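Numbered from 1 within each chain, the chains take letters A, B, ... in sequence-line order. Quick caveat, the model's predicted, so the values are computed rather than measured.
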2 protein chains.
Amino acid sequence: MMPAHQSPAQQFAALGNPLRLEVFRFVIRAGREGRPAGEIAQHLDVAPSTLSGHLSALQRAGLLTSRRDRQRMIYAVDPGHVRDLVEFLLHDCCQGQPELCGLASAACDGGRPPD
Amino acid sequence: MMPAHQSPAQQFAALGNPLRLEVFRFVIRAGREGRPAGEIAQHLDVAPSTLSGHLSALQRAGLLTSRRDRQRMIYAVDPGHVRDLVEFLLHDCCQGQPELCGLASAACDGGRPPD
DNA sequence: GCTTTAATTCATTATTTCCCGAAATAATGA
DNA sequence: TCATTATTTCGGGAAATAATGAATTAAAGC
């Protein structure tokens with residue numbers, strides 16, 4: 001289905017472009033249902049071909065999925081991979097340190113205090 | 001002191017390079033104390049000039065701070081900005097959805113750790 | 001089969017990124 | 001001052017990225 005070479009670095013890089021980050025945020029707000037490419041392009045006022053490249057970059061990174069609905073391509077968030085990325089940032093990068101994770105630190109040590 | 005143009009996109013971009021992501025992880029593991037550039041270069045086996053560019057990119061993004069200790073430059077994590085980025089990802093991007101944030105979702109809807 | 005709609009691919013161009021070695025800068029100490 | 005150590009800046013070249021419009025593919029309906 002997908003090359004599945006989605007490293008955390010590649011995922012961060014995918015979010016590291018301002019327009020792509022907006023795409024990501026907009027698609028997430030569409031929930032499971034997702035949004036057709038045309039709607040995203042219209043909302044962000046960007047050329048279809050430009051958007052298409054960004055969508056496939058986000059998809060290659062594993063952050064979005066796509067399905068076809070009649071003539072339209074619907075993009076939606078890939079919850080599993082986003083969860084993995086969040087966990088990587090909190091656990092692996094920040095090691096659950098409250099100073100770095102803020103309120104989310106509770107989730108990093110499973111609610112247990114560090115020893 | 002600092003241009004302070006640290007958008008979330010720029011911060012993600014800074015983490016979007018494999019070597020820079022390793023630098024970030026290594027520096028975080030050094031805690032408040034931080035690590036001199038030379039030690040980082042040695043640990044990651046990278047040319048000093050190459051590392052210097054990556055360090056300043058991470059610093060421009062607001063993720064690291066630097067101070068001088070005699071001849072050496074010590075780099076350390078910038079906790080406040082990292083916390084902001086974590087919060088942006090969880091709150092703004094993922095809107096605290098448990099499906100996207102995993103265990104960290106507890107932090108997004110009020111910060112209570114799961115007891 | 002033809003037309004319309006929707007999205008992607010392609011080719012081009014411009015820009016940026018990345019890495020290296022060499023030179024420059026900064027701080028220290030003899 | 002001179003030498004040493006540590007890091008940054010500079011310059012260049014290769015590779016990757018981004019935006020654009022034109023052409024192409026895909027699905028649907030008549």
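Distances shown here put a side-chain N or O of B:Arg20 below 4.0 Å from the OP1 or OP2 atom of C:dC18. The shortest distance between the side-chain N/O atoms of B:Arg70 and the OP1/OP2 oxygens of C:dA26 is not below 4.0 Å. For B:Asn17, a side-chain nitrogen or oxygen approaches OP1 or OP2 of C:dC18 to under 4.0 Å. Between B:His54 and C:dT17 there is no side-chain polar atom (N or O) within less than 4.0 angstrom of OP1 or OP2. When the side-chain nitrogen and oxygen atoms of A:Ser49 are compared with OP1 and OP2 of C:dT8, none of them lie within a distance under 4.0 Å. Residue B:Tyr75 places at least one side-chain N or O closer than 4.0 Å to OP1 or OP2 of D:dT8.
Nearest nucleotide to the side chain of A:Ser52, out of D:dT7, C:dA27, C:dT9: C:dT9. Relative to the side chain of B:Ala37, the nucleotides D:dT20, D:dT7, C:dT8 differ in distance, and D:dT7 lies closest. Taking only side-chain atoms of B:Leu55, from C-beta outward, the nucleotide of D:dT8, D:dT20, C:dA7 with the closest atom is D:dT8. Comparing C:dA7, C:dC19, D:dA19 against the side chain of A:Met73 picks out C:dA7 as the nearest.
Contact check for B:Gln10 versus B:Arg60: side-chain heavy atoms found under the 4.5 Å cut-off. No side-chain heavy atom of A:Leu15 sits less than 4.5 Å from a side-chain heavy atom of A:Arg20. For the pair A:Leu85 and A:Phe12, the minimum side-chain heavy-atom distance is below 4.5 Å.
A straight line from CD1 of B:Ile74 to P of D:dT7 spans 7 Å, rounded to a whole angstrom. Distance CZ (B:Arg60) to P (C:dC18): 10 Å, rounded to an integer number of Å. Atom CG in A:Leu58 sits roughly 12 Å away from atom P in C:dT8 (whole-Å rounding). A straight line from CZ of B:Arg72 to C1' of C:dA26 spans 15 Å, rounded to a whole angstrom. Nucleotide C:dA27 holds its P atom 16 Å from the CZ atom of B:Arg67, rounded to whole Å. The CD atom of A:Gln42 sits 14 Å away from the P atom of C:dT5 (whole-angstrom rounding). Spacing between atom CZ of B:Arg68 and atom C1' of D:dT5 amounts to 11 Å, rounded to whole angstrom units. At whole-Å resolution of the value, CD1 in B:Ile40 and P in D:dA6 are 14 Å apart.
Using a 3.5 Å distance cut-off with no hydrogens or angles, the side chains of A:Thr65 and A:Gln59 do not pair a donor with an acceptor.
With the end axes of the helix from C:dG1-D:dC30 to C:dA30-D:dT1 each set by five pairs, the angle from one to the other reads 10° at 10° resolution.
Comparing A:Thr50 and A:Gln71, the nucleotide of DNA chain D nearest to each residue sits closer to the 5' end for A:Thr50.
No side-chain donor-acceptor contact under 3.5 Å links B:Asp69 to the backbone of B:Arg72.
Across B:Val27 and B:Tyr75, no two heavy atoms sit closer than the pair CG1-O, 3.6 Å. Of all non-hydrogen atoms in B:Ala41 and B:Leu51, the two that sit nearest each other are N-CD2, 3.4 Å.
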Please step through side chain to side chain donor-acceptor pair (under 3.5 Å) for the pair A:His81 and A:Asp78, ending with a clear verdict. CA-CA 6 Å; A:His81 283 128; A:Asp78 183 331; 2.9 Å; yes
